[in-house]
There are 2 protein chains.
Amino acid sequence: MVEPTGLEQMVCFQLYAASRAMTGLYRPALDALGLTYPQYLAMRVLWQRGDITVRDLGTILDLDSGTLSPLLKRLETQGLVRRERGTTDERTVIVGLTDRGTALRDQAAHVPERIACAVDLTDDEFAQLHHLLGKVRASVTTTI
Amino acid sequence: MVEPTGLEQMVCFQLYAASRAMTGLYRPALDALGLTYPQYLAMRVLWQRGDITVRDLGTILDLDSGTLSPLLKRLETQGLVRRERGTTDERTVIVGLTDRGTALRDQAAHVPERIACAVDLTDDEFAQLHHLLGKVRASVTTTI
DNA sequence: CCGTTACTAGTTGCGCACAACTTAATTGCG
DNA sequence: CGCAATTAAGTTGTGCGCAACTAGTAACGG
């Protein structure tokens, strides 16, 4: 689809570097909440959707139990999350918010605007980028 | 620059997910070479530029010595790279390719095309994505 | 009903990332 | 020159990501 020497390599590296730069941008705001970026993503899903199995959380975040189990254990240790076995299917574990976890939502409310201000893209460019990243993810994941 | 509730969050997550998906796409090809993706990036810089200090390598890859030192040590253990103190400035360490490291370039030559074929973007879209990621990186890093 | 197969979480091990710190060398300023 | 400030690389500690594996549960086919 493209000459193989430079461009697509550059795109992949740009992706890798831009992703790390963006999570670095979140770091100060999230440090104040005591969260890492992946923990923040998990909390966002919980704030939006409430109780959820580890499996479904993994599907949404594109992470497996090898990553999520210890991450959720740390959130549980912080008192933000509780975990309990599913009743109908005892293989599953259902993750839910504690009161402290629910309360954190308000403190985290200001985070996205702090980020948006720092990234110098127009609405159109945001939408374009979103579209292109979606295409990349779709084509890469279907390639498996 | 944008309503703070959804879009920019999605973009950041898309970036995070797309980056991991892309490195996952490299994995089979790089496994065959015995390299991880960050190791492959370091080798690419060495193939292009020859001897380089750890500092300059870090500037190019946007990584610090905390990441590079152990990574380069592993490449050295594999016999792909040698490290020696700079003569004029003994604080620096100059990284260079061994014969085995140089030879690996030919085996790695086919990697980029394998990736490009799997990502379903036109040349224009690749260029757009490259441009937008560059803007993100630039605005994020200058924000520091 | 029973055994095989599939599925869900969790664990282990390794290699990043990154913050914080250490060591050693250089630079700069009085 | 002499010493403080700066710089380069390395070390330590924590938290991902992901492969490979384990334990326990559910589903299914005969």
Side-chain angles (χ1 to χ4, degrees), chain A residues 13 15-28 30-31 33-43 52-59 61-78 81 83-95 141 144, chain B residues 13 15-28 30-31 33-43 52-59 61-78 81 83-95 141 144:
Chain A
F13 172 69
L15 216 45
Y16 161 81
S19 174
R20 288 188 297 118
M22 281 292 285
T23 68
L25 195 56
Y26 275 86
R27 209 178 312 279
L30 296 182
D31 277 352
L33 304 175
L35 294 175
T36 64
Y37 182 68
Q39 288 169 6
Y40 171 69
L41 291 179
M43 291 300 288
I52 191 172
T53 62
V54 173
R55 187 190 113 82
D56 288 347
L57 187 57
T59 302
L61 299 178
D62 197 21
L63 292 171
D64 67 0
S65 69
T67 301
L68 284 177
S69 288
L71 184 152
L72 293 170
K73 196 189 283 186
R74 282 185 282 272
L75 289 179
E76 193 178 35
T77 304
Q78 286 192 58
V81 147
R83 290 188 294 168
E84 48 199 31
R85 286 278 157 191
T87 48
T88 59
D89 185 343
E90 289 220 343
R91 287 172 302 183
T92 65
V93 165
I94 293 160
V95 185
T141 49
I144 305 169
Chain B
F13 171 68
L15 216 44
Y16 161 80
S19 174
R20 288 187 296 118
M22 280 292 284
T23 69
L25 194 57
Y26 275 85
R27 209 179 311 280
L30 295 182
D31 277 353
L33 303 175
L35 294 176
T36 64
Y37 182 69
Q39 288 169 5
Y40 171 69
L41 291 178
M43 291 300 287
I52 191 172
T53 62
V54 173
R55 187 190 115 79
D56 288 346
L57 188 57
T59 303
L61 298 179
D62 198 22
L63 292 170
D64 68 359
S65 68
T67 300
L68 284 178
S69 287
L71 184 152
L72 293 170
K73 196 188 283 185
R74 282 185 282 271
L75 289 179
E76 193 179 35
T77 304
Q78 287 193 57
V81 146
R83 290 188 295 167
E84 48 199 31
R85 287 277 157 190
T87 49
T88 60
D89 185 342
E90 290 220 343
R91 289 172 303 183
T92 66
V93 165
I94 293 160
V95 185
T141 51
I144 306 169

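Evaluation of the side-chain hydrogen bond (donor to acceptor under 3.5 Å, both in side chains) rule for A:Y40 yields A:R44 as partners, not counting sequence neighbours. In this structure, the side chain to side chain contact (heavy atoms under 4.5 Å, CB included) partners of A:R27, at least two apart in sequence or on a different chain, are A:T23, A:D31.
A:M22 has its CE atom 14 Å from the P atom of C:dC18, to the nearest Å. In this entry the distance linking CZ of A:R85 with C1' of C:dC7 reads 12 Å, nearest Å. Atom CG of B:L57 is separated from atom P of C:dA17 by 13 Å (rounded to the nearest Å). Rounded to whole Å, atom P of D:dA8 lies 19 Å from atom CD of B:E84. Rounded to an integer number of Å, the gap from CG of B:L72 to P of C:dG15 is 14 Å.
If you check D:dT11, C:dA9, D:dC16 against the side chain of B:S69, the one that comes closest is D:dT11. If you check C:dG10, C:dC16, D:dA9 against the side chain of B:T36, the one that comes closest is C:dC16.
Listed for the A:Q39 side chain is a donor-acceptor partner under 3.5 Å among the backbone atoms of A:T36.
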Are any protein N/O atoms closer than 3.5 Å to N/O atoms in nucleotides 21-28 of chain C? If there are, list each pair with its distance.
unit_1	atom_1	unit_2	atom_2	d
C:dT26	OP1	B:E90	N	3.3

Between the protein and nucleotides 2-5 of chain C, which nitrogen or oxygen pairs are less than 3.5 angstrom apart?
none

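Of the inter-residue distances, the one linking B:M43 atom CE with B:L33 atom CG reads 9.5 Å to the nearest 0.5 angstrom. In this structure, the separation between CZ on A:R20 and CG on A:L15 is 11.5 Å, given to the nearest 0.5 Å. Rounding to the nearest 0.5 Å places CZ of B:R55 at 10.5 Å from CG of B:D89. A distance of 10.5 Å separates CD1 of B:I52 from CD1 of B:I94, quoted to the nearest 0.5 Å.
Taking 4.0 angstrom as the limit, A:Q39 places a side-chain polar atom (N or O) nearer than this to OP1 or OP2 of D:dC16. Between A:R74 and the phosphate of D:dT14, there is no side-chain N or O to OP1/OP2 separation shorter than 4.0 Å. Here B:K73 does not reach the OP1 or OP2 of D:dA9: none of its side-chain N or O atoms lies under 4.0 Å away.
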Reading 5' to 3' through nucleotides 17-23 of chain D, protein heavy-atom contacts under 4.0 Å coded B for base, S for sugar-phosphate only, - for none
BBS----
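Nucleic acid contact for A:L71: sugar-phosphate only, since backbone atoms but no base atoms lie under 4.0 Å from a heavy atom of the residue.
With respect to the salt-bridge test (charged N to carboxylate O, under 4.0 angstrom), the residues B:R85 and B:E90 do not qualify.
Relative ring orientation between B:Y16 and A:Y37 is described as perpendicular, the plane-to-plane angle rising above 60° on a 0-90° scale split at 30° and 60°.
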Which donor-acceptor pairs under 3.5 Å do the side chains of residues 66-73 of chain A make with protein atoms, sequence neighbours left out?
unit_1	atom_1	unit_2	atom_2	d
A:T67	OG1	A:D64	OD1	3.4
A:S69	OG	A:S65	O	3.1

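The side-chain heavy atoms of A:V54 and A:V95, taken from C-beta on, include a pair separated by under 4.5 Å.
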